[in-house]
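Chain A is the first sequence line, chain B the second, and so forth, proteins listed ahead of strands; every chain is numbered from 1.
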Number of protein chains: 2
Amino acid sequence: MPIKKNKTRYVILGLLNEEHLSGYEIKRIIDTRLSFFWSESFGQIYPQLKELETEGLIAAFHQPDSNSKASKKYTITDQGKEELQQWLMIPVEKEIIRYEVLLKLYFSNAASSDIMLEHIKEFELNHNKQRKLFEKFEEQLKQDIDVHGNHRQVLMVLAFGQKVWESYASWCKETIKSLEDISANPENSDKGAD
Amino acid sequence: MPIKKNKTRYVILGLLNEEHLSGYEIKRIIDTRLSFFWSESFGQIYPQLKELETEGLIAAFHQPDSNSKASKKYTITDQGKEELQQWLMIPVEKEIIRYEVLLKLYFSNAASSDIMLEHIKEFELNHNKQRKLFEKFEEQLKQDIDVHGNHRQVLMVLAFGQKVWESYASWCKETIKSLEDISANPENSDKGAD
DNA sequence: CGGCGCATGTAACTTGTTACATGATTCC
DNA sequence: GGAATCATGTAACAAGTTACATGCGCCG
């Protein structure tokens, strides 16, 4: 039974399947290219690299000629490639999505409209930042077209991000307007008492 | 320093702020009304209820007249209400979103198009189910209008779901088409050989 | 009276974050 | 030589899931 629940291992295998990388580089790539749908911490990556090496799914080598930083790089092994392929085939587990901002909004009322406005604006800002990150990646991708054999698949993933962001942006706009409305006329909190 | 990281406590406080509920009922509500943006397991809820009671933020009482199942119900205390309000005010933490389906798609290639098709179709199906759940809730909400004072806020949250769901649906449709295309013409994997 | 669904709870485990320790290199 | 950044790693903790144990009431 080779398939484990832990997803970190598969992100690592997936990235190493394209190029040789160090732990630090893996983290950097996740934080840029994958950031809009995935995240990992160093505390997950380094121990996992160790484990994968022990299991023989990846192999470490030291940059031989490196005049600068001698970082420990990893390659995927044939066994690792096989496990990656097997993981790709098994069904996706239930998505666990948690939007704290929605939770707060859900439990808020007219009295907290000002605060919610802040939260939504923050949400908007963050997703704009993320959007810029991903547009950068998209440009990169268009330049060195087909470096990876999964060029089209990556574009599909980017399309997801684009669509979802558009709905975020449109929702933020609408919601900010509604909240400003409530803030301006707090007494009109339902159908117009008074 | 009253504010803790643990979000389960705030979901519980938020729900109890509207009505008296048992642990089981809390779980059921999260699984229906909040399911599209939140989830909790019994293993989180029951111990948390205990802790909140110890801290005096909620109080337990047994249904007195209950001829049927005597479930332990909880009420929020004034102290609990205060902590809830305080939590509402503090900024939202970075959203941690993990779409396993995108990860798989990202690491896949032309050879695994058939499998990815399965995954995306599954994703589509799940979100259709979720949509039905929330449409049910929306109807309910429209019937007993303004039972809660946060009627408008709940509608904003639902609007989020609706928008995001629409982008999911549209993305699934497009992506399924693309993948079927690749599946049908695997040799045409980039700009059209042959 | 046996099984099923409701209901509460706990323990073991896995997963994930945070804070810290360490050292090398680069830039001022 | 001191600060910043690159880079690797670990230990302690927090969060979350799963599987299990238990008991009650209802239905056939």
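Across residues 24-32 of chain B, B/Tyr24 each have a non-hydrogen atom less than 4.0 Å from an atom of DNA chain C (numbered order).
For residues 96-120 of chain A, every residue pair satisfying the ring-ring contact (aromatic ring centres under 6.0 Å, His included) rule, not counting sequence neighbours, is listed here: A/Tyr99-B/Phe160.
In this structure, B/Leu52 atom CG and C/dG9 atom P are separated by 13 Å, rounded to whole Å. In this structure, B/Tyr46 atom OH and C/dC6 atom P are separated by 12 Å, rounded to whole Å. Remark: P of C/dT10 and CD1 of B/Ile45 are 14 Å apart, rounded to the nearest angstrom.
Between B/Lys5 and B/Glu93 there is a salt bridge, since at least one side-chain N of the basic residue sits less than 4.0 Å from a carboxylate O of the acidic one. The pair A/Glu166-B/Lys163 fails the salt-bridge criterion, with no side-chain N (NZ, NE, NH1 or NH2) lying under 4.0 Å from an Asp/Glu carboxylate O. For B/Lys73 and B/Glu25, the salt-bridge test passes: some basic side-chain N is under 4.0 Å from an acidic carboxylate O.
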Along nucleotides 14-19 of chain D, 5' to 3', which nucleotides get a B, which get an S, and which get a -, given that the test is a protein heavy-atom distance under 4.0 Å? -SBBB-
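Contact between the side-chain N/O atoms of B/Ser22 and the OP1/OP2 oxygens of C/dA7 is not found at any separation under 4.0 Å. One finds no side-chain N or O of A/Lys50 lying less than 4.0 angstrom from the OP1 or OP2 phosphate oxygen of D/dT8.
Taking B/Asp31 as the reference, B/Lys27 meet the salt bridge (Lys or Arg N to Asp or Glu O under 4.0 Å) condition, with sequence neighbours excluded. For A/Trp38, the ring pair (Phe, Tyr, Trp, His ring centres under 6.0 Å) test picks out no residue, with sequence neighbours left out.
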Check: residues 125-138 of chain A side-chain donor-acceptor pairs under 3.5 Å, at least two apart:
{"from": "A/His127", "atom 1": "ND1", "to": "A/Gln130", "atom 2": "OE1", "distance (Å)": "3.3"}
{"from": "A/His127", "atom 1": "ND1", "to": "A/Trp165", "atom 2": "NE1", "distance (Å)": "3.4"}

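The backbone N or O of B/Ile115 sits nowhere less than 3.5 Å from a side-chain atom of B/Ser112 that would complete a donor-acceptor pair.
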